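All values below were derived from every heavy atom in this structure, side-chain atoms included, with hydrogens, water molecules and symmetry-related copies excluded. Keep in mind it's a predicted model, so treat the numbers as computed, not measured. Proteins get letters first, then strands, A, B, ... in listed order; numbering begins at 1 in each.
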Amino acid sequence: MKIVTWNVNSLRVRLPHVLDWLKTEQPDILALQEIKMEDKDFPVEDIEAAGYSVIYSGQKTYNGVAILSRGVCGDVIADIPGLDDHQRRVLCATLDVASGAASPAMHTQVRVMNVYIPNGEAVGSDKYRYKLDWLEKLVIYLEEQRAIYPYLILLGDFNIAPEACDVHDPMLWDGRVLCSAPERKMFERFVDLGLCDTFRLFEQAPNQFSWWDYRMAAFRRDLGLRIDHILASPALCAACVSSRIDKIPRAWERPSDHAPVVAVFDL
DNA sequence: ATGGTCGTTGGACGA
């Protein structure tokens with residue numbers, strides 16, 4: 001099972017990139033964030049023509065999430081209990097994943113939680129407090145969900161760089177939004193719940209980032225942060241065989257400011 | 001050089 005997270009920063013603009021990338025990479029599941037469109041405008045036909053089922057939770061102008069999959073999604077949840085939020089940032093679904101060629105009759109129920117965690121703007125701002133409160137509610141929800149779903153994946157744009165090695169200039173970013181101690185503590189809470197950062201299960205080259213600001217020629221200078229993640233429950237981590245960031249689409253013409261992050265599981 | 005870049009929108013705002 002190949003699963004991917006990609007903040008596309010407007011699916012309307014990025015649809016050609018998504019379709020091109022799907023064609024070559026052929027993931028089983030693709031979680032999108034910042035689709036920035038209402039449900040009525042979602043390009044269902046283009047996605048289905050590419051061979052994928054799709055569910056989405058959109059809104060006008062901002063936010064919006066979607067899950068593309070080879071199989072049909074069940075038990076779809078777009079609102080976290082206890083988090084009264086009109087911003088469309090969450091989409092959870094259960095997928096039936098075939099468990100390898102050796103036993104084609106075997107299937108695994110994988111719970112996918114696609115999140116677009118708030119950016120937080122700046123430490124101390126109203127949006128920062130909204131981010132931390134949002135994260136607290138997500139942790140509470142995960143506490144119960146992990147008991148229900150042994151095969152659980154939490155992925156998306158976390159807007160958190162977990163460690164210094166996830167930042168091009170750790171001193172410059174130290175204490176700032178995306179890197180502040182309270183945000184990183186919330187990331188650790190996910191880890192404490194048994195969810196592991198699949199990217200760090202493997203030896204990685206230094207300076208692996210998933211987001212580069214459009215300004216200051218940040219991509220050309222590789223001034224990035226790793227803020228998009230795929231976290232997995234212990235049963236899934238044991239089956240994880242690789243994880244990588246695909247920088248290639250970030251170099252395409254008119255790109256998203258984020259790159260796709262990929263994890264592969266041998267179920 | 002007191003900006004710088006996108007996307008959505010039709011002037012700012014969010015990232």
Length of the CZ-C1' vector between Arg88(A) and dT8(B), whole Å: 19 Å
Salt bridge Asp133(A)-Lys137(A), side-chain N to carboxylate O under 4.0 Å: yes
Given DNA chain B, 5'-ward residue of the pair Asn9(A) and Lys127(A), judged by closest heavy atom: Asn9(A)
Under 4.0 angstrom between Ser10(A) side-chain N/O and dT8(B) OP1 or OP2: yes
Glu38(A) CD - dT8(B) C1' separation (whole Å): 12 Å
Protein-nucleotide distance (Ile117(A), atom CD1; dA15(B), atom P), rounded to Å: 13 Å
side-chain N/O Lys60(A) vs dT8(B) OP1/OP2, d < 4.0 Å: no
Arg250(A) (side chain) donor-acceptor with Ser256(A) (main chain) under 3.5 angstrom: yes
Upstream residue (5' side of DNA chain B) when Asn7(A) and Arg14(A) are each assigned their closest nucleotide: Arg14(A)
Glu34(A) CD to dT5(B) C1', straight-line distance once rounded to whole Å: 14 Å
Nucleotide of dG4(B), dG7(B), dG14(B) approaching Met216(A) most closely (side-chain heavy atoms): dG4(B)
Any side-chain donor near an acceptor of the partner, Trp212(A) and His258(A), under 3.5 Å: no
Ionic contact status for Lys60(A) with Asp39(A), cut-off 4.0 Å: no
Side-chain N,O (Arg215(A)) to OP1/OP2 (dA15(B)) below 4.0 Å: no
Length of the NE2-C1' vector between His17(A) and dC6(B), whole Å: 13 Å
Thr61(A) side-chain proximity, nearest of dA15(B), dT8(B), dG7(B): dT8(B)
Identified side-chain contact (heavy atoms from CB on, under 4.5 Å) partner of Ile153(A) from the options Val110(A), Ile29(A), Thr198(A), Leu95(A): Val110(A)
Sugar-phosphate only, base, or nothing, as touched by Tyr116(A) at under 4.0 Å among non-hydrogen atoms: sugar-phosphate
Rounded distance (Å) that lies between atom C1' of dC6(B) and atom CH2 of Trp211(A): 12 Å
Span that lies between the P atom of dA12(B) and that of dG3(B), in whole angstrom: 15 Å
Selection from dA15(B), dT5(B), dG14(B) that lies nearest to any side-chain heavy atom of Arg89(A): dA15(B)
Tyr214(A) side chain, from C-beta outward: closest of dA15(B), dG14(B), dT5(B): dT5(B)
Pairwise P distance, dC13(B) and dG4(B) [rounded to whole Å]: 16 Å
